[in-house]
Amino acid sequence: MKEKFEYRPEDIEQKWQQRWDSAGIFHAEPVSEKPCFYLLEMFPYPSGRIHMGHVRNYSIGDAYARFLMMKGYNVLHPMGWDAFGLPAENAAIAHGEHPRVWTERNIEYMREQLKSLGYSYDWRREFATCDPEYYRWEQEFFIKMMEKDLVYRKESLVNFCPDCNTVLANEQVEGGCCWRCGTEVEFRRLPGWFMRITRYADELLESMEELREGWPERVLTMQEHWIGKSEGLEAEFPVADSDLKIRFFTTRPDTIFGVTFMAMALEHPLVEEVSRVGGKEKEVQRFVSESLRKRVSGEMDEALEKEGVFTGAYCINPLTGERVPIYVANFVLMEYGTGAIMCVPAHDQRDFEFARRYRIPIRLVIQRKSEPLREDKLEEAWEGGGYLVNSGRFSGMESEAAKDAIIRYCEENNMGKRAVNYRLKDWGISRQRYWGAPIPVIYCDDCGTVPVPLEQLPVKLPDNVEITGKGRSPLAAHPEFVNTTCPRCGRAARRETDTMDTFVESSWYFLRFASLNNENRPFDTDEVHRWMPVDQYIGGIEHAVLHLLYARFFTKVLRDLGYINVSEPFKRLLTQGMVIKDGAKMSKSRGNVVDPDDIIKRYGADTARVFILFAAPPERDLEWSEAGVEGVYRFLQRVWRVVNVLNDRVLGSINLEEGEAGKEFVNLRRTVHKTIKEVTEEFLTRLHFNKALSHLMVLLNELNRIAETQKITTTGDREAVHEAVECFLKMLAPFAPHIAEELWERTGGKGFVSIAEWPVYNESLIKEEVIKIPVQVNGKLRGEVEIPVNAGKDEAFEMARTVPRVQRHLDGKEIVKVIFVPGKILNIIVKSQ
RNA sequence: GCCGGGGUGGCGGAAUUGGCAGACGCGGCGGACUCAAAAUCCGCAGGGGAUCCCUCCCCGUGUGGGUUCAAAUCCCACCCCCGGCACCA
């Protein structure tokens, strides 16, 4: 008897995991009558063990998935492994273990961890991105993209992490440091492969409109910002006494009459020639190399002074015919626009600061409408709008109109054209590493760069490599890999030894998951179209611009290559907050890591899941609390005890009177149906499971009270209790599935509660005939009154004025007004006589 | 600097078409059970004051104003915290 009331998660959790598994109840059906729902959580990198961030991510997803299954959806809820990447290689360097072995072992272990948490995945769909059967399709996409000029090779100045010994994309540089290891990034000139994401910049921006409903606003703004579209004028000014021209981009063509100098980036290809025209090659060269040195050594971080050097040469501003000096300046970015700018110190703060420093004239050409600006009294640039002055034929125009007029004027006179610029740059995907998908290209001395023929795919990663972390990448040092024959001419040739950025794998894995039958193809198109787009995607905010932007881009590319007809991969996105402890992110170096295994061992998976869902709403950061975990464990113990007690009571209730439920039991039913309403609501809207769980706790408290104080005397009573327990277990199942299954079985439930039908509430049972509403006098709470639910204003007022405390406040006062909001409040306004 | 998000008891958090602020949980206090403790169960609890066992009053959602019968919620100004971007021409 005693044991029966003891909750022992270790006795039940594995049992149910096995039963679910052998019954295959979480399999997504490729063909089904039911409505389909694709629920995806970001798949993990197999780093060794799962951490609390994973538990949070996957517990949120699992609760939702289980709810949807109970709601009658055919739910696709897959899991797999983002298995390529640097840590595998670093582990190899440190311990001499092969990355594949290391990765596979980690996957084995982490899979068991996920299974021990009882997640409802369709494990048949599991794969790892390091499987040649996966990455070979990526190689195919790469080749098809080559044909469409969506991928190309060029030499460029790249971000290079000396520690990881590899190139980083712009998005992977955080504050000048490597996003993964934190080492300061260097600039190197290297050849590499690029994906033409800029060709999709506009579409990526425009189709964001479809995502407005389902994505957090801040993710969209971050992407918008990242793409950084701006419109303006691209023009060129001739360099005096030469044939040279300097191209520049500006968003402020309306200020073009205020140009008093030009500035070029340090790396601008014309720096040398221009300074030769000006006769100041030496000075310029010295300045350039000194500034570049500073940049690399990081001396220019925060308080960077704007510095520059006069090249001795002048540009002619064709609109004014004036000569303006050309500078080379450290604040001009080579990566943006054309690497050169027109400078208008009166109307651009940066130009203003530079002009002050080098005593360059400042000319006012935009006059604001409020307090007029005085050219000789400017303390800072005026970057706002106004009307044009000192601007020839354009003087007097509004700046917005002038932008347009000046662009058109330039176009008519062949000086420039309307142009759009993006902050977004093409995606450099070459990595000088071993543990990644090989780029399927062969270099032939005669035929040049030749794609590997499709029938020769996959280009497999060789296993017998030596990984030292020093010198060239292991593939480059592997003759059997490098040396091959040219597919065109058959002569000796060399393979590309760069591998692809691992963000390429994660840019289409959701398509592979959606397809169960992948014989000789990346995925089954029909199956993919049945599921895509992902209805709900869940993952960390840290991928707001990296993974989420690449995946959007890749989806569009695959559409244009004819693989799919989907344009956006993720309809709705939930970005969950971090799990923190002692106010900081869990990290080994901080020593504040809580290991999921420990928690599961001590309290069971259900406690871990419920705690992590209960402690905070999903998008907010979650502070880990040992005491909170204990509290949740107690809750589950109470669930165990109360349900068992009530079950005994129901089974033991013989010789009952036929009849309606008693008052207490009617009240219980009301609580039950209210709870169904509230919990269901959370699943259908915000996924704030902390609130759903608190409602379940209220219901349990009620059940406990009933168990302690009430006797079942009628069949109606028994029905009410039975309904309450049944509904409670069903609603608990998405959060704490193991205990719910066990109790479901013990209380005589049929089949698995995990796929039982989600309860539906009955509105008429929730409604009360008599309700209490608060009564205010002059806006201050003075009591409450019980009134019939359909009472009118007058009736409510008459009843309220009999409440002694209310009466006291009305005494001797004149009643000015009575405000009655049915079901909410009664407010009596009085005034002293 | 710019763009987002946020500021509610000792703590995590509820309450957003304006309508009883603090649900639920943690921690705390008191009680029951026990030889005792743990566990469990029951009860109390925003702050201050008056009253003296019946209660009653005032104050309270970052700060200061405003709109309203009524504001955590709406408007204006400001402060602080977190995240992102940061010479993007």
Side-chain angles (χ1 to χ4, degrees), chain A residues 5 174-175 216-226 228-230 232-233 248-252 255 263 265 300 302 304 306 329-333 335-344 347-351 353-354 383 421-425 541-542 544-545 577-578 583 610-611 614-617 619-632 634-635 637-638 641 678 688 690-701 704-705 708-709 772-784 804-805 808 816-830:
Chain A
F5 295 143
E174 295 173 346
E217 190 192 298
R218 66 170 171 153
V219 174
L220 293 176
T221 357
M222 278 163 80
Q223 291 205 359
E224 246 166 51
H225 218 92
W226 194 265
K229 180 177 182 170
S230 49
L233 167 73
F248 62 87
F249 172 76
T250 180
T251 53
R252 292 298 300 273
T255 64
M300 44 164 289
E302 293 296 300
L304 170 71
K306 287 179 180 51
N330 65 351
F331 71 95
V332 183
L333 302 174
E335 312 86 77
Y336 185 79
T338 63
I341 54 175
M342 67 171 214
C343 297
V344 186
H347 305 292
D348 183 289
Q349 188 57 24
R350 296 158 301 184
D351 300 349
E353 286 165 27
F354 192 88
E383 295 185 334
N421 245 285
Y422 299 93
R423 186 181 170 280
L424 182 72
K425 287 163 60 188
I541 183 75
E542 65 273 19
V545 281
M578 287 187 303
V610 172
F611 170 72
F614 180 64
E619 56 281 335
R620 217 185 288 191
D621 283 353
L622 180 152
E623 173 77 29
W624 187 265
S625 150
E626 202 61 38
V629 176
E630 293 272 357
V632 166
R634 273 202 295 274
F635 164 66
Q637 285 174 311
R638 267 153 65 82
R641 202 188 69 240
E678 299 280 359
H688 281 198
N690 56 324
K691 241 191 91 190
L693 282 161
S694 76
H695 282 110
L696 288 177
M697 288 174 182
V698 172
L699 176 54
L700 182 72
N701 290 345
N704 183 49
R705 205 178 53 76
E708 298 279 324
T709 62
K772 279 183 187 170
I773 63 160
V775 180
Q776 296 181 333
V777 178
N778 282 354
K780 285 192 176 172
L781 182 70
R782 296 301 179 193
E784 56 181 22
R805 204 172 138 216
R808 217 165 33 239
V816 182
K817 196 174 174 186
V818 176
I819 291 142
F820 177 61
V821 184
K824 295 277 189 188
I825 207 163
L826 181 74
N827 190 5
I828 305 162
I829 311 306
V830 299

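So you know, we letter chains A, B, ... as the sequences are listed, proteins then strands, and number each from 1.
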What's the closest nucleotide to the A:R641 side chain, out of B:G27, B:C41, B:C20? B:C41
Please confirm whether the shortest side-chain N or O distance from A:R782 to OP1 or OP2 of B:C56 is below 4.0 Å. no
Whole angstrom value for the distance that separates C1' of B:C20 from CD1 of A:I819: 16 Å
Verify, without hydrogens or angle tests, whether A:E383 (side chain) and A:Q349 (backbone) share a donor-acceptor contact under 3.5 angstrom. yes
Under the salt bridge (Lys or Arg N to Asp or Glu O under 4.0 Å) test, residues paired with A:R638 that sit two or more places apart: none
Starting at the 5' end of RNA chain B, which residue's closest nucleotide do you reach first, A:R705 or A:V698? A:V698
Any sub-3.5 Å donor-acceptor pair from A:N778's side-chain atoms to A:V830's backbone N or O? yes
Rounding to a whole Å, what distance do you find between A:L781:CG and B:A21:C1'? 11 Å
NA contact type, A:G631, heavy-atom cut-off 4.0 Å: base, sugar-phosphate, or nothing? sugar-phosphate
Is a side-chain donor or acceptor of A:E678 paired with a backbone partner of A:A692 at a separation under 3.5 angstrom? no
Proximity to the side chain of A:E784 - top-ranked nucleotide from B:A89, B:C41, B:C20: B:C20
Give the rounded distance in Å between these two atoms: CG of A:L826 and C1' of B:C20. 13 Å
If the C1' atom of B:G27 is compared with that of B:A45, how far apart are they to the nearest Å? 12 Å
Using atom P in both nucleotides, what's the gap between B:G65 and B:A71 to the nearest angstrom? 14 Å
CD1 of A:I541 versus P of B:G83: gap in Å, rounded? 13 Å
What is the nucleic acid contact for A:Q349, judged by heavy atoms within less than 4.0 Å: base, sugar-phosphate only, or nothing? nothing
So what does A:N421 hit on the nucleic acid, given a heavy-atom distance under 4.0 Å: a base, only sugar-phosphate, or nothing? nothing
Classify A:V816 by what it touches in the nucleic acid, base, sugar-phosphate, or nothing, heavy-atom distance under 4.0 Å. nothing
Grab the CE-C1' distance between A:M222 and B:A86 for me, whole Å please. 13 Å
Of A:R808 and A:R350, whose closest RNA chain B nucleotide lies nearer the 5' terminus? A:R808
Using modelled atom types only, decide if a donor and an acceptor are shared between the side chain of A:N421 and the backbone of A:S230 within a distance under 3.5 Å. no
Picking from B:C24, B:C88, B:G19, which would you name as closest to the side chain of A:M697? B:C24
Output for pair (A:N827 CG, A:F820 CZ), nearest 0.5 Å, gives 12.0 Å
Roughly, in whole Å, what's the span from CG in A:L333 to P in B:C85? 16 Å
How long is the span from the CD atom in A:Q223 to the CG atom in A:L424, to the nearest 0.5 Å? 10.0 Å
Considering all heavy atoms of both residues, which atom of A:Y336 and which atom of A:F249 are nearest to each other, and what is their separation? OH-CE2, 4.0 Å
Say we look at B:G7 and B:A14: how far apart would their C1' atoms be, to the nearest angstrom? 16 Å
Tell me: CD1 of A:I825 to P of B:C20, nearest whole Å? 5 Å
Please classify the nucleic acid contact of A:Q776 as base, sugar-phosphate, or nothing, using heavy-atom distances under 4.0 Å. base
Which nucleotides of RNA chain B pair, in dot-bracket form (Watson-Crick or G-U under 3.5 Å, | meaning another strand): (((((((..(((......[....))).(((((.......))))).(((((....)))))..(((((..]....))))))))))))....
Phosphate OP1/OP2 of B:C41: any A:R638 side-chain N/O under 4.0 Å: yes
Regarding A:T251, tell me which of base, sugar-phosphate or nothing describes its non-hydrogen contacts under 4.0 Å with the strands shown. sugar-phosphate
Applying side chain to side chain contact (heavy atoms under 4.5 Å, CB included), run through A:E619 and A:H688 and close with a yes or a no. CA-CA 9 Å; A:E619 56 281 335; A:H688 281 198; 2.7 Å; yes
With the side chain of A:Y336 defined as its heavy atoms from C-beta on, choose the nearest nucleotide among B:C88, B:C24, B:G19. B:C88
Classify every nucleotide of nucleotides 1-14 of chain B by which part a protein heavy atom approaches to under 4.0 Å, writing B for the base, S for the sugar-phosphate alone and - for neither, in 5'-to-3' order. --SS-------BSS
Closest non-hydrogen atom pair, A:E217 against A:T221: O-OG1, 2.6 Å
Taking only N and O in the side chain of A:N827, is any of them less than 4.0 Å away from OP1 or OP2 of B:U68? no
The test is side chain to side chain contact (heavy atoms under 4.5 Å, CB included); show your working for A:D351 and A:F331 and say whether it passes. CA-CA 10 Å; A:D351 300 349; A:F331 71 95; 3.9 Å; yes
Quote, to the nearest angstrom, the P distance that separates B:G28 from B:C79. 40 Å
For A:M578, does its backbone N or O pair with a side-chain atom of A:D621 as donor and acceptor, under 3.5 Å? yes
Does B:G12 count as syn, meaning its glycosidic angle lies within 90° of 0, or as anti? anti
When the P atoms of B:G62 and B:C57 are compared, how many Å lie between them, rounded to an integer? 26 Å
Starting from C1' on B:C26, measure out to CH2 on A:W624 and report it in whole angstrom. 14 Å
If I pick the C1' atom on B:C3 and the same atom on B:G12, what distance separates them, to the nearest angstrom? 29 Å
Could you tell me how far B:C29 sits from B:C85 if I compare only their C1' atoms? Round to whole Å. 50 Å
Roughly how far apart, to the nearest Å, are B:U61 and B:A72 at atom C1'? 5 Å
Looking at B:C58, I'd like to know if its phosphate oxygens (OP1 or OP2) sit under 4.0 Å from a side-chain N or O belonging to A:K780. yes
Base, sugar-phosphate, or nothing: which does A:I829 touch, judged by heavy atoms less than 4.0 Å apart? sugar-phosphate
